[in-house]
2 protein chains.
Amino acid sequence: MAQAANSSRTRRQILRAAVKRFANAGYAAASVQQIVGDAKVSKPALYYHFRDKAGLFQALVSEAHDERFGVVQEAAARGRDFRGQLVEILVALFDYFHHHRELTRIAFATAFAAPGEVPAKVRYLDKCQRNLEFIHSLMKRAQADGELGHRFDSRDLAYGFYGLTNFYVRSHLLIPNYRLNRRTAERIVDLFLNGAGAQKKRE
Amino acid sequence: MAQAANSSRTRRQILRAAVKRFANAGYAAASVQQIVGDAKVSKPALYYHFRDKAGLFQALVSEAHDERFGVVQEAAARGRDFRGQLVEILVALFDYFHHHRELTRIAFATAFAAPGEVPAKVRYLDKCQRNLEFIHSLMKRAQADGELGHRFDSRDLAYGFYGLTNFYVRSHLLIPNYRLNRRTAERIVDLFLNGAGAQKKRE
DNA sequence: AACAGTACCTACCGTTCGGTAAGTTTTTAT
DNA sequence: ATAAAAACTTACCGAACGGTAGGTACTGTT
């Protein structure tokens with residue numbers, strides 16, 4: 001073959017199979033035997049491309065987080081005003097999740113997994129923090145620009161929006177019939193900006 | 001011994017050890033050998049009290065969910081008005097989570113776990129739905145009573161509040177320095193009711 | 001032609017897994 | 001006193017686990 005090691009056909013097949021297995025069984029319950037079976041390669045082939053089971057998992061999750069982070073940043077750049085940014089971010093996330101359901105499952109499960117369940121190697125928490133910090137920076141800028149009041153601490157706002165978002169995505173993972181489209185994104189942003197108590201449309 | 005089977009000393013010891021192991025390692029990675037080791041009982045003692053590993057886990061999670069649901073209902077009954085109900089629910093949940101950190105970890109991890117990771121026996125989804133439906137009923141009643149506008153669908157509101165709540169608890173699980181007290185509860189409820197855009201205190 | 005490195009393979013390692021068979025002690029019922 | 005059920009024990013399965021030793025086929029380089 002003699003391709004670049006990161007895009008070898010075998011490597012890609014292993015990753016594809018691993019996503020499915022990890023998504024459906026979790027890290028601990030997914031066995032490398034099943035993975036190499038699905039990928040139609042031998043076990044040493046897997047251990048040639050990845051240091052161990054943990055390394056395989058890590059490569060998967062790390063790449064997914066980075067890609068998602070990039071998507072969010074691009075979306076934020078597309079937004080005209082603050083509300084537009086939030087909507088764009090949500091739409092982009094919905095789209096990303098729609099096309100990477102299994103990776104998303106893994107990411108969520110990993111975030112909530114018991115400390116000893118998932119290989120401790122990478123600090124997934126850091127990657128999540130990075131996302132949160134980005135949202136936080138948006139909130140701070142919106143407050144500085146006067147697009148957002150100072151009634152709430154910017155960190156609380158970041159938590160609130162992040163939480164709202166996560167929950168909708170999560171619900172969609174569990175109950176896929178809840179359709180996540182641009183209209184949903186706008187509704188969530190309005191709920192966030194105007195509150196449940198708002199009686200009429202924002203002017 | 002000859003006690004009621006549900007409160008035998010051995011059984012309680014097994015459950016105590018199991019909570020710790022499942023919370024720290026996840027379902028699949030926690031082994032029954034470790035559990036009986038911690039509990040200082042033999043393996044067949046465990047299999048005497050529980051049908052199998054899945055049954056042990058199920059008993060744990062099921063009881064936790066039911067207890068939590070009861071706590072929420074009692075809290076809601078304590079609230080004077082709608083806002084008070086929401087605040088009371090949050091305070092009660094914060095308190096419950098504070099005293100049952102490990103069980104909470106398990107509950108969250110289970111909710112997000114891959115389908116094949118956790119024993120399929122019980123529909124945990126149903127227990128979560130029950131919680132959501134209860135919140136939903138509060139929202140509907142608040143709308144009927146005029147305490148809440150009709151700008152948002154009651155189900156969206158339930159999702160929103162549930163999501164906000166979950167996220168804060170979750171954050172607290174991951175980053176315990178974020179203190180969850182009554183003041184935090186009130187801030188979250190205000191954010192939910194008035195929205196991030198609100199500039200001044202609710203009258 | 002000789003060698004080195006890549007990219008795998010078959011076959012197997014020691015360990016640990018969930019679970020059980022069969023026997024023993026303790027408690028309760030008659 | 002005795003049977004029987006409950007509450008365990010030690011000792012041990014077979015299967016599956018993650019991981020590896022050692023060999024092989026195929027490049028590309030010298």
Side-chain angles (χ1 to χ4, degrees), chain A residues 1-22 24-61 106 113-114 116-122, chain B residues 1-22 24-61 106 113-114 116-122:
Chain A
M1 292 291 166
Q3 307 189 37
N6 275 10
S7 62
S8 135
R9 178 179 155 75
T10 300
R11 188 188 148 98
R12 284 202 317 271
Q13 274 182 336
I14 293 172
L15 281 172
R16 267 187 45 144
V19 167
K20 283 207 197 306
R21 285 291 178 179
F22 283 136
N24 289 324
Y27 175 76
S31 82
V32 304
Q33 325 232 45
Q34 293 171 332
I35 291 171
V36 300
D38 293 353
K40 292 186 201 349
V41 299
S42 70
K43 219 196 297 192
L46 186 149
Y47 281 90
Y48 175 79
H49 286 284
F50 304 94
R51 210 164 68 85
D52 52 15
K53 187 189 181 185
L56 166 61
F57 185 75
Q58 194 196 111
L60 219 70
V61 175
I106 296 174
E117 162 135 46
V118 125
K121 199 60 175 296
V122 173
Chain B
M1 294 291 165
Q3 307 189 37
N6 275 9
S7 63
S8 139
R9 178 180 157 75
T10 300
R11 188 189 149 99
R12 284 203 317 273
Q13 276 183 334
I14 292 172
L15 282 171
R16 267 187 48 141
V19 167
K20 283 205 196 307
R21 285 291 177 181
F22 283 136
N24 288 324
Y27 175 76
S31 81
V32 304
Q33 325 232 46
Q34 292 171 333
I35 292 171
V36 298
D38 293 355
K40 293 186 200 348
V41 300
S42 69
K43 218 193 304 188
L46 187 149
Y47 282 90
Y48 175 79
H49 286 283
F50 305 94
R51 211 165 65 86
D52 51 16
K53 187 188 181 185
L56 167 60
F57 185 75
Q58 194 198 112
L60 219 69
V61 175
I106 295 174
E117 163 132 47
V118 127
K121 199 61 173 299
V122 173

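Bear in mind the structure is a predicted one, so any value in this text is a computation, not a measurement. Each chain gets a letter, A, B and so on, in the order the sequences are listed, and its residues count up from 1. Computed over heavy atoms, backbone and side chain alike; hydrogens, waters and symmetry mates excluded.
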Rounding to a whole Å, what distance do you find between [X]:[atom1] and [N]:[atom2]?
| X | N | atom1 | atom2 | result |
| --- | --- | --- | --- | --- |
| B/K43 | D/dC13 | NZ | P | 13 Å |
| B/I14 | C/dG18 | CD1 | P | 14 Å |
| A/L46 | D/dC17 | CG | C1' | 14 Å |
| A/Y48 | C/dT6 | OH | P | 6 Å |
| A/Q13 | C/dC8 | CD | P | 9 Å |
| A/Y47 | D/dT20 | OH | P | 7 Å |
| B/R21 | C/dT16 | CZ | P | 13 Å |
| A/I35 | D/dG19 | CD1 | P | 11 Å |

Within the structure shown, what part of the strands sits under 4.0 Å from A/A28 by heavy-atom distance: base, sugar-phosphate, or nothing?
-> nothing
What is the nucleic acid contact for A/A30, judged by heavy atoms within less than 4.0 Å: base, sugar-phosphate only, or nothing?
-> sugar-phosphate
Would you give the length of the straight line joining atom CZ of B/F50 to atom CG of B/L15, rounded to the nearest 0.5 angstrom?
-> 4.0 Å
Any ion pair linking B/D38 and B/R21 (charged N to carboxylate O, less than 4.0 Å)?
-> yes
Taking the side chain as every heavy atom from C-beta outward, state whether B/R51 and B/Q58 have any pair of such atoms under 4.5 Å apart.
-> no
What nucleotide among C/dC9, C/dT20, D/dC8 has an atom nearest to a side-chain atom of B/T10?
-> D/dC8
B/P44 side-chain proximity, nearest of D/dA11, C/dC9, C/dG19 | D/dA11
So which heavy atom on A/Y27 is nearest to which on A/K53, and how close?
-> O-NZ, 3.0 Å
Grab the two heavy atoms, one from A/A18 and one from A/L56, that are nearest each other, plus how far apart they are.
-> CB-CD2, 3.9 Å
Answer yes or no: does a side-chain N or O of [X] lie under 4.0 Å from OP1 or OP2 of [N]?
| X | N | value |
| --- | --- | --- |
| B/S8 | D/dA7 | no |
| A/H49 | C/dC8 | yes |
| B/Q33 | C/dT16 | no |

Assign each of A/S31 and B/A45 to its nearest nucleotide of DNA chain D by heavy atoms, then name whichever residue's nucleotide is nearer the 5' end.
-> B/A45
